[in-house]
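Down below is the structure, laid out as structure tokens.
No experiment lies behind these values; they were computed from the predicted model shown. The first residue of the sequence shown is numbered 1, and numbering continues consecutively from there. Whatever order the structure lists them in is the order used to number ligands and atoms, beginning at 1.
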Amino acid sequence: MAGTSDIEWTDVTWNPVAGCSLASSGCTNCYAMRMAARLQAMGHHKYAGTTRKSGGRYVWTGRVNTDESSLSAPLEWRKPKRIFVNSMSDLFHPDVPDAFIRRVWETMIECPQHHFQILTKRPGRMAELFASGLIQAETHIWIGTSVESNEVADRVRHLAAIKKATLFISFEPLIGEIKDINLKGIHWAIVGGESGPRARPMEEAWVERLLEICRRDDVAFFFKQWGGRNKKAAGRELHGQTFDEYPLELEV
Ligand code: SF4
């Protein structure tokens, strides 16, 4: 239902949904696709039918499975945790029903002891659901979107429309230079290079530029990794320093 996570900026992952489809070029080497294929092969019901083999690699089929049995998991964790919601999917994928998203939200509302971190590549749908009142801002629910290159920088606009929430951007995998972007009103930025056998390179100057923008716009900066084929060896220092900043809690 959930597992401790190697992801540097969270404690555990919680996956009430499994399966996805590619949203943009940042998805090309999606690690969740590879992991879902393994879990599907091991017979985990939740991942049934989510991946298939194509050209020597595993890809999403587009099938999205919701998992009712996962919904209550955070209620059972007494100790406060940072919880990454849906590391194996995208909560705002078009095939996740509104009613199921609402149930995920209800679980989160019932667990103010935790911090939930929602990261989507489909912030347009998320913003619509906020506007409709189906979901609402809560201090302990952090809302984020991914911006891997200039081509999808417009995603920030959807976030900026959400008021009274802790907002973050994941610039990972950073696969292109972002010369400028307005991050005013955003609280946290995570920056990282792609890892794995097909990792695309990230230039140091791209990271330095994002650090400048974060300092200018008063955004906490978290540098996750350089990435590459051997991400451990590449490490996560920038200018001999580790950047592990987090946003301040907001009052709603
Ligand atoms: S949106 Fe996330 S889970 Fe879905 S394909 Fe892209 S990277 Fe993978």
Subject >> Interfacing atoms of ligand 1 (cut-off 4.0 Å, heavy-atom, R122) >> reply: 1 (S)

Original post:
Quick one: hydrophobic cluster around V59, which other residues, with the 4.5 Å side-chain cut-off, linked directly or via members?
Top reply: L22, M33, W60

Original post:
What is the closest protein heavy atom to atom 3 (S) of ligand 1, and at what distance does it sit?
Top reply: S89 O, 3.6 Å

**OP:** Say whether E148 and S24, considering side chains only, have a donor N or O and an acceptor N or O under 3.5 Å apart.
**Re:** yes

Original post:
So, for A32 and S87, which heavy atoms are closest and what is the spacing to 0.1 Å?
Top reply: CB-O, 3.6 Å

Original post:
Does W60 have a non-hydrogen atom less than 4.0 Å from ligand 1?
Top reply: yes

**OP:** Could you grab the protein N, O or S atoms closer than 2.8 Å to atom 6 (Fe) of ligand 1 for me?
**Re:** C27 SG

Subject >> Lys/Arg-Asp/Glu bridge criterion (N-O < 4.0 Å) met for R209, E177 >> reply: no

Original post:
With the threshold set at 4.0 Å, does a side-chain nitrogen-carboxylate oxygen contact exist between R215 and E212?
Top reply: no

Original post:
So does F243 have more than 12 non-hydrogen atoms from other groups sitting under 6.0 Å from CZ?
Top reply: yes

Subject >> Derivation and outcome, salt bridge (charged side-chain N to carboxylate O under 4.0 Å, His left out), residues K184 and D218 >> reply: CA-CA 7 Å; K184 292 207 170 62; D218 201 18; over 6 Å; no

